[in-house]
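Quick notes on the structure that follows.
FYI, side chains are in, hydrogens and waters are out, and symmetry mates aren't considered; it's all heavy atoms of this structure.
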Amino acid sequence: MTNLDHDGELELEPGHELADFDAFFAEQAEPVKQGVPLRLYGRTYTLPPTLPALFTLQLHRVQHSARPEDIRRLLGSLFGPDAVDHWTEHGMDDRKLGIVLLWSTANVAEPGKVSMERAAQMYDEREQAKAQGKARPRPAKPKGGKGNGSKKPRSSGKRS
């Protein structure tokens, strides 16, 4: 149970010190950076100067999800809550979305790191590699889980 004093502050037991991250981060604060602006479908967006924690957390979830709500929330942390709806209303396809995401994530922390042309090239290269990976037949797996080429004798399972 948490003990609060009459001002609503946490009462600590003797010998315990409050780990004050508010004070710590205030001491560590750097000058506020300006985010990178971009224009898309007539709107100007300003990327945050660093990736928001929500973006990083949602990125892991979205990797295994195709739910539009997950993607909308992920992109909302960078571009605002209605950006995805605005883009889809203007006919954005998966290639354009991929290029915008590649460019944006590369340029959040390091503005100017990746050009729009390079982001498009990176996207196309990834898609081509995916397509080639699907078309390329995989080597057949040995039956029974054996036959990996090693000639080690079987163990009886008994310790020596």
Between I71 and F55, is there a shared hydrophobic cluster once you connect ILVMFWY residues whose side-chain heavy atoms come closer than 4.5 Å? yes
For E69, is there an ion pair with R72 - N to carboxylate O distance below 4.0 angstrom? no
Side-chain contact, heavy-atom cut-off 4.5 Å: P49 with V108? no
Angle class for the F24/F21 ring planes (parallel below 30°, perpendicular above 60°, tilted otherwise)? perpendicular
Closest approach of T44 to P37 (non-hydrogen atoms, all atoms of both residues): CG2-CB, 4.5 Å
Nearest 0.5 Å, what's the NE2-CE distance between H86 and M92? 9.5 Å
L75 reachable from L54 in the ILVMFWY side-chain graph, under 4.5 Å edges: no
Please report the interatomic distance CD(E110) to OG1(T105), rounded to the nearest 0.5 Å. 12.0 Å
Would you confirm whether D82, through its side chain, and D85, through its main-chain N or O, come within 3.5 Å as a donor-acceptor pair? no
Passes side chain to side chain contact (heavy atoms under 4.5 Å, CB included), L38 versus M116? Steps please. CA-CA 11 Å; L38 66 112; M116 289 181 278; over 6 Å; no
All heavy atoms of P52 vs all of L78, minimum pair found to be CD-CD2, 3.9 Å
Go through it in stages, so that I can follow the logic: the residues are L102 and R126, the test is side chain to side chain contact (heavy atoms under 4.5 Å, CB included), and I'd like the CA-CA distance, side-chain angles, deciding distance and then a yes or no. CA-CA 11 Å; L102 278 168; R126 286 183 188 179; 3.1 Å; yes
Answer yes if W103 and L74 sit in the same cluster of Ile, Leu, Val, Met, Phe, Trp and Tyr residues linked by side chain heavy atoms under 4.5 Å apart, and no otherwise. yes
Taking side chain as C-beta onward, heavy atoms only, is K96 less than 4.5 Å from D93? yes
With a sphere of 6.0 Å drawn around CD of Q34, does it hold more than 12 non-hydrogen atoms of other residues, nucleotides or ligands? no
Are Y41 and L101 connected, step by step, through hydrophobic side chains (Ile, Leu, Val, Met, Phe, Trp, Tyr) whose heavy atoms are closer than 4.5 Å? yes
Is there a path of hydrophobic side-chain contacts, each under 4.5 Å between heavy atoms, that joins L51 and V114? no
F79 side chain near V84 side chain, heavy-atom distance below 4.5 Å: no
What distance separates L57 CG from R73 CZ, expressed to the nearest 0.5 Å? 9.0 Å
Got a salt bridge between E125 and K130, using NZ or NE/NH1/NH2 to carboxylate O under 4.0 Å? no
Could you check whether any side-chain N or O of W87 sits under 3.5 Å from a backbone N or O of L97, counting only pairs where one atom can act as donor and the other as acceptor? no
Heavy atoms of A120 and R95 approach each other most closely as CB-NH2, 3.9 Å
Minimum heavy-atom separation for P48 and S77, please, with both atom names. CG-O, 4.5 Å
Of all the heavy-atom pairs spanning L40 and Y45, show the shortest one and how long it is. O-CE1, 3.8 Å
